[in-house]
Trainee: 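Structure in structure tokens, see below.
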Amino acid sequence: MNNILIKPLVTEKVTKLNDKGVYGFIVKKDANKIEIKNAIEKAYSVTVDSINTLRTSTKPKSRYTNKTFITGRTASIKKAFVTLQKGEVIDFYSGI
């Protein structure tokens, strides 16, 4: 069940949301909200209030190499924004 969470989102935007009790995670594409809720509650020992999910689409990407021009696409991912109950906190930096 813990393999649903791939990694936490640690960006400037999500760090600002952490003050409001909202945390972001990259999750598996086939995971639903109930599975995400159970995985977060088990992994971090917190109570989840609500979950918002979104899937990002692929974007074209290109680069020049020494001899050729390479084109491709970025990978699509699924993000989950989790709102915790008041007073609960997840500390991602405790193990550093």
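Note that these values count all heavy atoms, side chains included, but never hydrogens, waters or copies made by symmetry.
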Trainee: Give the C-alpha distance, both sets of side-chain angles, the deciding distance and a yes or no for side chain to side chain contact (heavy atoms under 4.5 Å, CB included) between Tyr44 and Val82.
Mentor: CA-CA 12 Å; Tyr44 295 103; Val82 179; over 6 Å; no
Trainee: Can you confirm whether Asp49 sits close enough to Leu84 that some side-chain heavy atom of one is under 4.5 Å from a side-chain heavy atom of the other?
Mentor: no
Trainee: Would Lys78 and Leu54 satisfy side chain to side chain contact (heavy atoms under 4.5 Å, CB included), going step by step from the backbone distance to the final call?
Mentor: CA-CA 6 Å; Lys78 185 173 186 176; Leu54 64 101; over 6 Å; no
Trainee: Side chain to side chain contact (heavy atoms under 4.5 Å, CB included) with Ser57: which residues, sequence neighbours excluded?
Mentor: none
Trainee: Could you work out, with side chain to side chain contact (heavy atoms under 4.5 Å, CB included) as the rule, every residue matching Ile77, not counting sequence neighbours?
Mentor: Ile26, Thr56, Lys79
Trainee: Per the side-chain hydrogen bond (donor to acceptor under 3.5 Å, both in side chains) rule, what does the pair list look like for residues 59-76, sequence neighbours excluded?
Mentor: Lys29-Ser76, Thr58-Arg73, Thr65-Thr68
Trainee: About how many Å separate OG1 of Thr47 and CD of Glu88, when rounded to the nearest 0.5 Å?
Mentor: 4.0 Å
Trainee: Mind checking whether Phe81 and Leu9 have side chains closer than 4.5 Å, heavy atoms only?
Mentor: yes
Trainee: Determine the minimum heavy-atom distance between Val46 and Val89, stating which atoms define it.
Mentor: CG1-O, 4.0 Å
Trainee: Identify the heavy atoms of Lys28 and Ile6 that sit nearest to each other, and give their distance.
Mentor: N-CD1, 3.9 Å
Trainee: Test of understanding: with side-chain hydrogen bond (donor to acceptor under 3.5 Å, both in side chains), list the residues that count as partners of Gln85, not counting sequence neighbours.
Mentor: none
Trainee: In Å, rounded to the nearest 0.5 Å, how long is the span from CD of Glu41 to CD1 of Ile36?
Mentor: 12.0 Å
Trainee: Any side-chain heavy-atom pair from Thr83 and Val48 closer than 4.5 angstrom?
Mentor: no
Trainee: Rounded at 0.5 Å granularity, tell me how far NZ in Lys16 sits from OG1 in Thr11.
Mentor: 10.0 Å
Trainee: Output the distance between atom CD1 (Ile40) and atom CD1 (Ile51), rounded to the nearest 0.5 Å.
Mentor: 5.5 Å
Trainee: Report, one line per pair, each donor and acceptor closer than 3.5 Å where one atom sits in a side chain of residues 18-25; sequence neighbours left out.
Mentor:
{"residue": "Tyr23", "atom": "OH", "partner": "Ile90", "partner atom": "N", "Å": "3.3"}

